[in-house]
K.L.:
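This is the structure, below, for whatever I ask next.
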There are 2 protein chains.
Amino acid sequence: MEKPVLSESQEDYLKEIFKLREMNVTVSMQDLAKKLDVRPPSVTGMIKKLCSMDLVEHEPYKGVQLTETGEKIAIEVLRHHRLLELYLAKHLNYSWDEIHDEAERLEHVISEKFEAAIAELMDHPTHDPHGDPIPSVELEFPDSPDLTPLTTCKTGRMMTIKRVMTQDKDILNLLTRLELTIGNIITIKGTESAGIRLKVSDNQYLIPHTIAKLIWCHEDN
Amino acid sequence: MEKPVLSESQEDYLKEIFKLREMNVTVSMQDLAKKLDVRPPSVTGMIKKLCSMDLVEHEPYKGVQLTETGEKIAIEVLRHHRLLELYLAKHLNYSWDEIHDEAERLEHVISEKFEAAIAELMDHPTHDPHGDPIPSVELEFPDSPDLTPLTTCKTGRMMTIKRVMTQDKDILNLLTRLELTIGNIITIKGTESAGIRLKVSDNQYLIPHTIAKLIWCHEDN
DNA sequence: ATTTTAAGTTAGGTATGGCTAAATTAATAC
DNA sequence: GTATTAATTTAGCCATACCTAACTTAAAAT
Ligand SMILES: [Mn+2]
Ligand SMILES: [Mn+2]
Ligand SMILES: [Mn+2]
Ligand SMILES: [Mn+2]
């Protein structure tokens, strides 16, 4: 099983399959089409090709799965992406709503040397600016503590924001203004029908469920 | 004349035309084919397209020229390339024989934000690690003093190496070993049929003409 | 058990950017 | 001036990665 040279599209397909698999049990063609912003027939076609390259397995009408080789490549791309995001934020003064798009293009183009250089420079970080885990050079994920989405946090608890599950610029921008950023500490005031009421610094907000469910926290020690 | 969105190939064509124009009076299809590592018919085809986009002008069997818009884009790509080369060398510890290939791919992919960030970080540099001039944001070239190729330097003179006109890894590597790098001072010992005899630091070498003609110098103070 | 709907696939088409082989044009040599 | 050679273009192909429209399969609803 040698590592073939893949196109940018193919790398994105593999990466997206990997990310979807983390959430759903099964990855449908439609899910992929939506995430990759292409029409379903294009997905069918590409999956066929990736199948023939032994990078994915596909039971028609069932779902797609990565092979071992496919998964390795997916994780490599993910590592590029997340290292780049952190690098852009830490060394080139990007804000966290600007890093994703740039990393999405750069991830396919940087060499292993570039990857190693920025990893070294940042002292082999384990998490990117959204709190997403960065796989190691050996493609292993750091073990992270159990996180709870804001929607299911218990009233009265103090929690630290550990991960924000979106790349949407507007949401990220909003969260910055509300000081709901990685590492910040919040106190849950209560769950209401419209959302979660919480306190950050000296301010109190009601965060709509749609946004709250993107924010994952860890209970403070 | 609006700036169209160009493919990576198209950007490379424009950049290469610009660079060739700096050397030759006229840019032939063959020159381009050689530089871009493509067969002549591909060049004809692409030039036709760039023509229809008003980025180049082409008199069949005569030569190619950039239009004003085409030249602007070419210089922008060149700026990306050279800023990147310097950035890789200065901030990611690349040696000067490693920077070109990486920059060749990155140049098409970085955003204006990225460009601005690294330019700022390096305090708006005017020359890359090969001594090539870096155009400003306004796309103007820094004025540089008259340089002489090593092949025509006068015996006895002390000169500073200011520019090395190649991206060939083996040559660059060789020059590093010989301490013939940008900024270093040499003394011309004489011209022989096989090459130029010169002194760097405490060593004396005979540099073959093929290599000597790539090294451009400036007479010391 | 049929019908309806949603998901996925097939067929056939487009644009891009390459290629080879053959034809044409221009330049050079005799 | 004609013949040779070199440069360029034309014609016709190929692969990639998309697309729409039409068809098929599976699942859900009545
Ligand atoms: Mn991508
Ligand atoms: Mn991220
Ligand atoms: Mn390039
Ligand atoms: Mn350079």
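Just so you know, these numbers come straight off a predicted model, no measurement behind them. Proteins come first, then strands; the chains are lettered A, B, ... in the order of their sequence lines, and each starts at number 1.
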K.L.:
Which of the following nucleotides, C:dC19, C:dG17, C:dG18, is nearest to the side chain of B:Pro41?
P.N.:
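From the listed options, C:dC19 comes nearest.
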K.L.:
Applying the side-chain contact (heavy atoms from CB on, under 4.5 Å) criterion to A:Leu14, which one of A:Val77, A:Leu50, A:Thr67 satisfies it?
P.N.:
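So, applying the side-chain contact (heavy atoms from CB on, under 4.5 Å) to A:Leu14 and each of A:Val77, A:Leu50, A:Thr67, only A:Leu50 qualifies.
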K.L.:
Let me know which of A:His108, A:His100, A:Glu11 forms a side-chain hydrogen bond (donor to acceptor under 3.5 Å, both in side chains) with A:His81.
P.N.:
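Only one option passes, and that is A:His100.
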K.L.:
So what does A:Lys62 hit on the nucleic acid, given a heavy-atom distance under 4.0 Å: a base, only sugar-phosphate, or nothing?
P.N.:
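Contact class for A:Lys62: none.
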K.L.:
Bend angle of the helix from C:dA1-D:dT30 to C:dC30-D:dG1 from five-pair axes at both ends, rounded to 10°?
P.N.:
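Between the axes fitted at each end of the helix from C:dA1-D:dT30 to C:dC30-D:dG1 lies an angle of 10°.
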K.L.:
Just to be sure I understand the rule, does B:Thr44 reach a base, reach only the sugar-phosphate, or reach nothing, if contact means heavy atoms closer than 4.0 Å?
P.N.:
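B:Thr44: base contact, heavy atoms under 4.0 Å.
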K.L.:
Below 30° counts as parallel, above 60° as perpendicular, anything between as tilted: where do the rings of B:Phe114 and B:Tyr87 land?
P.N.:
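Geometry flag for B:Tyr87 against B:Phe114: perpendicular rings.
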K.L.:
Between C:dT24, C:dA7, C:dT10, which one does the side chain of B:Tyr61 approach most closely?
P.N.:
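Output: C:dT24.
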K.L.:
Using atom CD1 of A:Ile47 as one end and atom P of C:dA7 as the other, report the distance to the nearest whole Å.
P.N.:
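Distance, rounded to whole Å: 17 Å.
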K.L.:
By the 4.0 Å heavy-atom rule, please label A:Glu59 as base, sugar-phosphate, or nothing.
P.N.:
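The residue A:Glu59 makes no contact with any strand.
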K.L.:
Please say which of B:Glu8, B:Glu76, B:Glu104 ends up in a salt bridge (Lys or Arg N to Asp or Glu O under 4.0 Å) with B:Lys15.
P.N.:
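By the salt bridge (Lys or Arg N to Asp or Glu O under 4.0 Å) criterion, B:Lys15 pairs with just one of B:Glu8, B:Glu76, B:Glu104: B:Glu104.
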K.L.:
Below 4.0 angstrom from OP1 or OP2 of C:dT16, is there any side-chain N or O of B:Tyr13?
P.N.:
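Indeed not, no polar side-chain atom of B:Tyr13 lies that close.
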K.L.:
Give me the first and last nucleotide of DNA chain D, going 5' to 3', that has any atom under 4.0 Å from a heavy atom of chain B.
P.N.:
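Range of nucleotides touched by chain B: D:dA7 to D:dT10.
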K.L.:
Go through the steps for A:Gln30 and A:Ser28 under the test side-chain hydrogen bond (donor to acceptor under 3.5 Å, both in side chains), then give the verdict.
P.N.:
CA-CA 5 Å; A:Gln30 241 185 359; A:Ser28 71; 5.2 Å; no
K.L.:
By the 4.0 Å heavy-atom rule, please label B:Val38 as base, sugar-phosphate, or nothing.
P.N.:
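Sugar-phosphate contact only - B:Val38 comes under 4.0 Å of backbone atoms but never of a base.
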K.L.:
Could you check whether A:Arg79 pairs with A:Glu115 (Lys NZ or Arg NE/NH1/NH2 to Asp/Glu carboxylate O, under 4.0 Å)?
P.N.:
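Yes, charged N to carboxylate O under 4.0 Å.
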K.L.:
Compare every heavy atom of A:Ala103 with every heavy atom of A:Leu88, then report the nearest pair and how far apart it is.
P.N.:
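Shortest heavy-atom separation between A:Leu88 and A:Ala103 comes out as CD1-N, 4.2 Å.
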K.L.:
Using a cut-off of less than 4.0 Å, is there contact between a side-chain N or O of B:Ser9 and OP1 or OP2 of C:dG18?
P.N.:
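Answer yes for this pair, as a side-chain N or O of B:Ser9 is under 4.0 Å from OP1 or OP2.
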K.L.:
Round to the nearest Å and state the distance from B:Lys49 atom NZ to C:dT14 atom C1'.
P.N.:
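Between C1' of C:dT14 and NZ of B:Lys49: 13 Å.
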K.L.:
Taking CD from A:Gln30 and P from C:dT5, how many angstroms apart are they, rounded to a whole number?
P.N.:
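So the CD-P distance, A:Gln30 to C:dT5, works out to 16 Å.
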K.L.:
Please report, rounded to the nearest Å, how far the P atom of C:dG18 is from the CE atom of B:Met29.
P.N.:
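Going from B:Met29 (CE) to C:dG18 (P), I get 13 Å.
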K.L.:
Taking atom P of C:dT9 as reference, at what distance in whole Å does atom CE of A:Met46 sit?
P.N.:
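My rounded result for the distance is 15 Å.
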K.L.:
Shortest non-hydrogen contact from A:Ala212 to A:Ile196?
P.N.:
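Nearest heavy atoms, A:Ala212 then A:Ile196: CB-CG1, 3.7 Å.
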K.L.:
Please report, rounded to the nearest Å, how far the C1' atom of C:dT16 is from the CG atom of B:Leu50.
P.N.:
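In whole Å, C:dT16 C1' lies 13 Å from B:Leu50 CG.
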K.L.:
Kindly determine whether A:Glu107 and A:Asp12 satisfy side-chain contact (heavy atoms from CB on, under 4.5 Å), including the steps that lead there.
P.N.:
CA-CA 10 Å; A:Glu107 63 188 359; A:Asp12 277 337; 3.1 Å; yes
K.L.:
Hey, is B:Glu98 close enough to A:Lys113 for a salt bridge, meaning N to O under 4.0 Å?
P.N.:
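Looking at A:Lys113 together with B:Glu98, the answer is yes, because their closest N to O distance falls below 4.0 Å.
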K.L.:
So, OP1 or OP2 of C:dT16: does either fall under 4.0 Å of a side-chain N or O from B:Ser7?
P.N.:
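Negative; the distance criterion is not met.
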K.L.:
Could you state the NZ-P distance from B:Lys48 to C:dA15, rounded to the nearest angstrom?
P.N.:
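After rounding, the reported distance stands at 16 Å.
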K.L.:
Hey, which of these two, A:Pro60 or A:Arg39, hits DNA chain D nearer its 5' end, going by closest nucleotide?
P.N.:
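Checking each residue's closest nucleotide, the 5'-ward one belongs to A:Arg39.
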